[in-house]
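The structure appears below as structure tokens.
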Amino acid sequence: MYTRSIPWFLTCIQCLLMAIPGSSAQEIPVRFVDVTAEAGISFRHAGGLRERVMPAIVGSGAAFADYDNDGDLDLYIANSARPYPQANAPPPQNVLYQNNGDGTFTDVTAIAGVGDTGWGMGCAFADYDNDGDADLYVTNYKGNVFYRNNGDGTFTDFTVGAGSVDHQSFGAGVAWADYNNDGYVDLYIANYLDYTKVPQGKEVFFPYDFFGGTNVLFLNKKDGRFIDVTGVARVSGGFHLSLGTSFADYDNDGDLDLYVANDADQNILYRNEGDGTFLNTNIPDARSRTGDVRGGMGVTWGDYDNDADLDLFVTNWLDENNILYRNNLDGTFADATARSGCFESGLGKTGWGTEFFDYDNDGDLDLYIACGHIDPATQEPPAQDDILLQNNGDGTFSDVSEILGLDSPRTGRGVAIADYDDDGDLDIFVVNTGERPWLLRNEGGNQNHWLKIRTVGTNSNHDGIGVRVEATTGALVQIREVTCGGSYLSQSSLELEFGFGKATMVDSIVIRWPSGTIQTLKDIEVDQTIIAAEPEE
């Protein structure tokens, strides 16, 4: 266990404000500051609407993970390719930035050996072989790539060695999860459209004109290899145009369920049956009411109303409005978009990456949405303002984007959330197609108290993916779940962060491991990161 205190300069500011009559520390506004260049991130996405090809238009994502086990979070960014390579110019490649521990990053792509030059889409890290380091899967248009971590700062391309997990298609969302609770994480890949079947003589930008791909579930065989169990597990989904995907235990039964957002087709929530198979809850006898037919893009799970179950948010195409599904905990969801205040903020915008997170550490989950247009034939500008919805604590949200400094239009796609500078509040990284990305440092969110938890499995998978944590302080009960892959083509940090407002002690923390082990911690001090190791049986 170790502690990271609030930076000294914020403490000084708080003291000064408290000395001013009628003032308090709570009046210091939270702001998000663009520190991309300052942090040493020089990446520029090679795609964009100008390229007029679908992989360049809809990509890409990013992932936070501590790949070198030095205690801070590094950053991987997927990149697009070019339809027509430029003479005497190196091809665009994915980039790995190593966190220097001082708020800056260093490009270590060449050293690490992870600079794939394909049509990069999604990416996510997970310790698939339980050896204590993070491995990396990257989805592409055409062949996907799997990198095994060597434990020395480098990776090996193990795509073939792991059982030919390249899956030649149009890979999009990627998610890791131990769906059968055997102690090893499995791999689900959402595939977008069949780009080989373009109508002859027609320039196409809308998914309605394409055939969909087939998604795939790879079972971890525990020997370093995977096997395709898509058909057996009943999660192929047919030929949908899938983009976002994420696992979560929505019915609180101890196993991970799967949601897939489909573009111009019915979204699917697959309920884990606990026997190695899933049930499509769009069928009449099991209808979950989450199978809307819209332009599904990004997916995030979170208990926004603090009622101890996971709710679901899905971003959609322009004028189809994003959707907030409130969990009824009876197998169904209710559309809470309008009454929650989420409806108006998304009008006229196309939503992509999205995450629930507590940006101000007040004990409830706020919501970020990256926005950007997609149709190169339109006269509308492609850049749009991103959205940050502040949770009001009563089941409603307020749009505070402009107040927090997010009124700079971009062409947002993937979103990843992490406390990259380890100061106790959550920062935002956004991939902008055809542009430079956005690293938004949270300034002021750590005025309220917080706690971060890193999970380490023993009988469960090493990362603790699928762990459910319940934190109680007085009457406030919050839950978080370790999720690997989601948002849009991206992965946020596997650390779980809780905000507690002005409370200085957490009464209890209950950790439910995928193995079934229940672990309870009592009277935990705030403003620190704890390492939660699964008890040996």
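Keep in mind that the numbers below use all heavy atoms, side chains included, and drop hydrogens, waters and symmetry copies. Index from 1, following the sequence.
Ser492 is linked by a side-chain hydrogen bond (donor to acceptor under 3.5 Å, both in side chains) to Glu355, counting only residues two or more places apart in sequence or in another chain. Residues that satisfy the side-chain hydrogen bond (donor to acceptor under 3.5 Å, both in side chains) test with Asp307, not counting sequence neighbours, are absent from this structure. Looking at residues two or more places apart in sequence or on another chain, you find a side-chain contact (heavy atoms from CB on, under 4.5 Å) between Asn392 and Gln390, Asp394, Thr396, Ser398. Not counting sequence neighbours, the partners of Asp523 by the side-chain contact (heavy atoms from CB on, under 4.5 Å) test are Met505. Listed by chain and residue number, Trp513, Pro514, Ser515, Glu534 satisfy the side-chain contact (heavy atoms from CB on, under 4.5 Å) test with Ser460 (two or more places apart in sequence, or in another chain). Applying the side-chain contact (heavy atoms from CB on, under 4.5 Å) rule to Asp251 yields the partners Asp249, Asp253, Asp257, Arg271; only residues at least two apart in sequence or on another chain are considered.
Without hydrogens or angle criteria, Thr281 side chain to Leu269 main chain gives a donor-acceptor distance under 3.5 Å. Without hydrogens or angle criteria, Ser487 side chain to Ala416 main chain gives no donor-acceptor distance under 3.5 Å. Between the Asp360 side chain and the Gly445 main chain, no donor and acceptor come within less than 3.5 Å of each other. Formation of a donor-acceptor pair under 3.5 Å by the Ser401 side chain with backbone atoms of Leu388 is found in this model. The main-chain N or O of Ala124 is found under 3.5 Å from a side-chain atom of Trp176 such that the two form a donor-acceptor pair. Thr337 places a side-chain N or O within donor-acceptor distance of the main-chain N or O of Leu324, the cut-off being under 3.5 Å. Formation of a donor-acceptor pair under 3.5 Å by the Asn149 side chain with backbone atoms of Ala134 is found in this model. Formation of a donor-acceptor pair under 3.5 Å by the Ser490 side chain with backbone atoms of Tyr488 is found in this model. Under a 3.5 Å cut-off, the side chain of Asp421 and the backbone N or O of Gly103 do not form any donor-acceptor pair. Between the Gln519 side chain and the Ile511 main chain, no donor and acceptor come within less than 3.5 Å of each other.
Checking Arg468 against Asn252 by side-chain atom types alone, a donor-acceptor pair falls below 3.5 Å. With hydrogens and angles left out, the side-chain atoms of Asp364 and Asn306 include no donor and acceptor closer than 3.5 Å. Checking Tyr368 against Asp386 by side-chain atom types alone, a donor-acceptor pair falls below 3.5 Å. Judged purely by distance below 3.5 Å, without hydrogens or angles, the side chains of Asn322 and Thr315 never pair a donor atom with an acceptor atom. With 3.5 Å as the limit, one finds a donor-acceptor pair spanning the side chains of Tyr76 and Asn94. Counting only N and O atoms by type, the side chains of Ser242 and Asn215 include a donor and acceptor under 3.5 Å apart. Judged purely by distance below 3.5 Å, without hydrogens or angles, the side chains of Tyr137 and Asn144 pair a donor atom with an acceptor atom. If you check the side chains of Asp527 and His449, you find a donor sitting under 3.5 Å from an acceptor.
Put simply, the side chain of Asp463 does not reach to within 4.5 Å of the side chain of Val185, judged on heavy atoms. Residues His45 and Pro437 fail the side-chain proximity criterion, which asks for heavy atoms closer than 4.5 Å. Looking only at side-chain heavy atoms (C-beta outward), Val506 and Thr472 stay at 4.5 Å or farther from each other. Within the 4.5 Å cutoff, the side chain of Trp438 has no heavy atoms near those of the Ile428 side chain. Contact check for Ile465 versus His462: no side-chain heavy atoms found under the 4.5 Å cut-off. In this structure the side chain of Thr455 never reaches within 4.5 angstrom of the side chain of Leu494, judged on heavy atoms. Between Trp352 and Val58 the shortest side-chain heavy-atom distance falls below 4.5 Å. Val469 has its side chain out of reach of Ile479: every pair of non-hydrogen atoms, C-beta onward, lies at least 4.5 Å apart.
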Problem set entry | Leu217 vs Leu219, side chain to side chain contact (heavy atoms under 4.5 Å, CB included): CA-CA, chis, key distance, verdict | CA-CA 6 Å; Leu217 174 64; Leu219 172 70; 6.0 Å; no

For this session: Start with the C-alpha gap between Lys522 and Asp507, add the side-chain angles, then the distance that decides, and say whether salt bridge (Lys or Arg N to Asp or Glu O under 4.0 Å) holds.
Result: CA-CA 6 Å; Lys522 295 284 189 180; Asp507 299 335; over 6 Å; no

Problem set entry | Stepwise side chain to side chain contact (heavy atoms under 4.5 Å, CB included) test for Asn328 and Arg326 | CA-CA 6 Å; Asn328 296 323; Arg326 182 176 55 80; 3.4 Å; yes

Problem set entry | side chain to side chain contact (heavy atoms under 4.5 Å, CB included) evaluation trace for Asn442 with Phe32 | CA-CA 5 Å; Asn442 187 327; Phe32 283 94; 3.7 Å; yes

Problem set entry | Verdict with reasoning, Gln528 to Leu451, per side chain to side chain contact (heavy atoms under 4.5 Å, CB included) | CA-CA 5 Å; Gln528 65 168 325; Leu451 183 73; 3.6 Å; yes

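With rounding to the nearest 0.5 angstrom, the CD1 atom of Ile417 is 12.5 Å from the OH atom of Tyr359. Atom-to-atom distance recorded for Ile268:CD1 and Thr290:OG1 is 9.5 Å, nearest 0.5 angstrom. For the atom pair SG (Cys371) and CD1 (Ile387), the distance works out to 4.0 Å, reported to the nearest 0.5 Å. A distance of 10.0 Å separates CD in Glu536 from OG1 in Thr517, rounded to the nearest 0.5 Å. If you take CG on Asn459 and CG on Asn181, they are separated by 12.0 Å, rounding to the nearest 0.5 Å. For the atom pair OG1 (Thr139) and CZ (Phe170), the distance works out to 9.0 Å, reported to the nearest 0.5 Å.
Only one option out of Phe313, Tyr259, Tyr250 pairs with Phe333 in a ring pair (Phe, Tyr, Trp, His ring centres under 6.0 Å); it is Tyr250. The only member of Asp74, Asn99, Asn100 that meets side-chain hydrogen bond (donor to acceptor under 3.5 Å, both in side chains) when paired with Thr106 is Asn100.
In this structure, Phe155 and Tyr147 have perpendicular ring planes: the angle between them is above 60°, well past the 30° mark. Aromatic ring pairs are classed by plane angle as parallel below 30°, tilted from 30° to 60° and perpendicular above 60°; the pair Tyr304 and Phe356 is parallel. Ring geometry for Phe218 versus His167: interplanar angle over 60°, hence perpendicular rather than tilted (30 to 60°).
Comment: Asp335 does not engage Arg289 in a salt bridge, judged by the lack of any side-chain N to carboxylate O separation of less than 4.0 angstrom. Between Glu443 and Arg441, at least one side-chain nitrogen of the basic residue sits less than 4.0 Å from a carboxylate oxygen of the acidic one, meeting the salt-bridge criterion.
When ring centroids are compared, Tyr188 and Tyr179 stay outside the 6.0 Å threshold.
Cation-pi geometry between Arg480 and Phe498 is met: under 6.0 angstrom from the ring centre, within 45 degrees of the axis.
Other residues, nucleotides and ligands contribute only 12 or fewer heavy atoms inside 6.0 Å of the CD atom of Glu525.
The two atoms that bring Asp311 and Asn327 nearest to each other are OD1-N, 2.7 Å, heavy atoms only.
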